[in-house]
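Have a look at the structure below before the remarks.
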Number of protein chains: 2
Amino acid sequence: MKSDKISEAVVRRLPVYLRFLNDLNRREIATVSSQELGQRLDLNPAQIRKDLAYFGDFGRKGIGYDVPYLIEKIRHILKLDQPINVALVGAGNLGHALSNYNAYLKDTMKITAVFDSYQPKVGTKINTLTVQPMDELANTVREQGIRIGIITVPDQEAQNVADILIESGIEAILNFAPVILKTPSEVRVHAADFTTDLQSLAYYLHEGKEEEVDGQ
Amino acid sequence: MKSDKISEAVVRRLPVYLRFLNDLNRREIATVSSQELGQRLDLNPAQIRKDLAYFGDFGRKGIGYDVPYLIEKIRHILKLDQPINVALVGAGNLGHALSNYNAYLKDTMKITAVFDSYQPKVGTKINTLTVQPMDELANTVREQGIRIGIITVPDQEAQNVADILIESGIEAILNFAPVILKTPSEVRVHAADFTTDLQSLAYYLHEGKEEEVDGQ
DNA sequence: TAGATTGTTAATCGATTAACAATC
DNA sequence: TAGATTGTTAATCGATTAACAATC
């Protein structure tokens, strides 16, 4: 196959494939089949083959997929084969925690700037980065070619920060604040709010004190 | 309607509804229609009505939904109308950040214990909680009736921590480590790994240096 | 009564899975 | 050649949306 419009579900699985492939690569395993991948990632092998086939013929019949080659291909599809700079807005505890993940992101994606509107925080160090005031955001985004913004500010400030990021020309946002952001459709937004995650988990708890109609 | 088996997509929307309803309630807005909800949450009104109808007839034709009543109902569906204690494993930066969200979780869900395997960290305070050693986990989980575990340890330790949590009788896990956990099917696991989130975002960046076949 | 909005059925759309010819 | 595994089509399954009678 080749292109068509790719669904978000497919795109979200690619980083998961990549992560496991990197793991195989570290262990110097040269080849992997869709069946092995499916087993480890808890996915249907046909789904994995189909996902990959959207982007090209990466496998070899009878053999499977060459690990380093597939890594290269997925990195290219995800645009991780070019430097992607990321700005972090909100230098609180969560922002601080995320800034430590630069090592994890390795590849070419990197948090290169941190901003906060709280005056006393400006100028302090967060790992190797110095917290900048919000009014430097637009300039820094332009200078460093920053393309993705991470929002880790309190919920009341999140929309305002999103507006500023978009105004500065950012292309995508990862939003940790528990609000739905209003954004133009060209700007991709992913919600990363752990409180809704946790609340939806509660649904799956076995029945507690309250009696309920249906078990699971 | 009433019951049937509810899809995960539906369950994941419920906390989003709840969050917005709480907001309306704070602003003392007494009634809301599926259309208004849909507008604010970027969802189809029919989908919202259908989601809610799985659990009961909560609305009034011609009127809409009573905000406090619907809040009560959704809280009940999500089991947030009973105390749910949560354990946090991993007292690093991320764990520290999450422990601040107790206020956000308000309701009845609460992080009540923090564990870490790193000896020097044991005994230190994280907000109001004292970091406990891993070998106290099973006991504390039992004593406090903890039902959900949050994993914020490095990826190599995550599976081991998951095993310990499950062994102690935990019912659900929110996993921040970038690995796929092997768990029995009765234990619900949600992945909250922000690195895969960020990598999938990169896919949606406008074309960069590399030429590409299809724009967006 | 006229207007609004639900709950629900039917239609549509999209995603997952099964099956298999091609081929290494 | 026999066994393995891909890429892809067709079948299935599930989720979203449209439409509308019921009714406030």
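This structure is a prediction, so every number in the text was calculated from the model and none was measured. Quick note on labels: first sequence line is chain A, next is B, and so on, each numbered from 1. Heavy-atom basis, side chains included; hydrogens, waters and symmetry copies ignored.
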- Where along residues 182-192 of chain B does a heavy atom fall under 4.0 Å from DNA chain D? none
- Is there a donor in the side chain of B:Thr31 and an acceptor in the side chain of B:Asp66, or the other way round, less than 3.5 Å apart? no
- Query: Would you call A:Arg12-A:Glu8 a salt bridge at under 4.0 Å N-O?
  - Reply: yes
- Query: Are A:Ile166 and A:Pro184 side-chain neighbours, meaning at least one heavy-atom pair lies under 4.5 Å?
  - Reply: yes
- With B:Ile164, which residues qualify under side chain to side chain contact (heavy atoms under 4.5 Å, CB included), at least two apart? B:Met134, B:Leu137, B:Asn160, B:Ser168
- Please name all residues satisfying side chain to side chain contact (heavy atoms under 4.5 Å, CB included) with A:Ala202, sequence neighbours left out, ordered by chain then number. A:Leu205, B:Leu80, B:Ile84, B:Met109
- Interatomic distance where CZ belongs to A:Phe55 and P belongs to D:dT6 [whole Å]: 17 Å
- Task: Apply the side-chain contact (heavy atoms from CB on, under 4.5 Å) test between A:Ile111 and each candidate in A:Asn85, A:Ile146, A:Val86, A:Asn127; give the one that qualifies.
- Result: A:Val86
- Residues touching DNA chain D, which here means a heavy atom under 4.0 Å, drawn from residues 59-70 of chain A: A:Gly59, A:Arg60, A:Lys61, A:Gly62, A:Ile63, A:Gly64, A:Tyr65
- In whole angstrom, give the distance that lies between atom CG of A:Leu52 and atom P of D:dT6. 9 Å
- Task: State the CD1-CZ distance between A:Ile150 and A:Phe176, to the nearest 0.5 angstrom.
- Result: 6.0 Å
- Task: Sequence neighbours left out, what passes ring-ring contact (aromatic ring centres under 6.0 Å, His included) with A:Phe20? Give chain and number order.
- Result: none
- Item | Residues touching DNA chain D, which here means a heavy atom under 4.0 Å, drawn from residues 27-35 of chain A | A:Ser33, A:Ser34
- Among residues two or more places apart or on two chains, list those pairs meeting side chain to side chain donor-acceptor pair (under 3.5 Å) that have a residue in residues 170-186 of chain B. B:Arg147-B:Glu171
- In terms of side-chain heavy atoms of A:Asp57, which of C:dT17, D:dA18, D:dG7 is nearest? D:dG7
- A:Ile148 side chain near B:Leu201 side chain, heavy-atom distance below 4.5 Å: yes
- Note on the structure: Expected list for residues 36-43 of chain B near DNA chain D, using heavy atoms below 4.0 Å, is none
- Among B:Arg49, B:Lys50, B:Gln39, the one residue meeting side-chain hydrogen bond (donor to acceptor under 3.5 Å, both in side chains) with B:Ser34: B:Arg49
- Query: Just checking, is any N or O donor in the side chain of B:Thr140 or B:Glu143 under 3.5 Å from an acceptor N or O on the other one?
  - Reply: no
- Query: Would B:His206 and A:Arg188 count as a side-chain hydrogen bond (donor to acceptor under 3.5 Å, both in side chains) if you check the C-alpha gap in whole Å, the side-chain angles of each, and the deciding distance to 0.1 Å?
  - Reply: CA-CA 10 Å; B:His206 317 318; A:Arg188 187 88 191 178; over 6 Å; no
- Does NZ or CZ of B:Lys73 come closer than 6.0 Å to the centre of the six-membered ring of B:Phe55, within 45° of the ring's axis? no
- Pairing of DNA chain D as dot-bracket, 5' to 3': ( ) intra-strand, [ ] crossing, | other strand, . unpaired, with Watson-Crick or G-U pairs under 3.5 Å? ..||||||||||||||||||||||
Give me, pair by pair, the N or O atoms of the protein and of nucleotides 14-16 of chain D that are less than 3.5 Å apart, along with how far apart they are.
{"unit_1": "D:dT16", "atom_1": "OP1", "unit_2": "B:Arg13", "atom_2": "NH1", "d": "3.2"}
{"unit_1": "D:dT16", "atom_1": "OP2", "unit_2": "B:Arg13", "atom_2": "NH2", "d": "3.2"}
{"unit_1": "D:dT16", "atom_1": "OP2", "unit_2": "B:Gln47", "atom_2": "NE2", "d": "3.3"}
{"unit_1": "D:dT16", "atom_1": "O5'", "unit_2": "B:Gln47", "atom_2": "NE2", "d": "2.9"}

- Item | Under 4.0 angstrom between B:Arg49 side-chain N/O and C:dG7 OP1 or OP2 | no
- side-chain hydrogen bond (donor to acceptor under 3.5 Å, both in side chains) partners of A:Asp163, counting only residues at least two apart: A:Gln159
- Do we see a donor-acceptor contact under 3.5 Å between the side chains of B:Gln199 and B:Thr196? no
- Message: Check this for me, if you would: do B:Asp23 and B:Arg19 make a salt bridge, where the nitrogen-to-carboxylate-oxygen distance has to be below 4.0 angstrom?
- Response: no
- So side chain to side chain donor-acceptor pair (under 3.5 Å) across residues 87-98 of chain A, not counting sequence neighbours, yields A:Asn93-B:His96, A:Asn93-B:Asn100, A:His96-B:Asn93
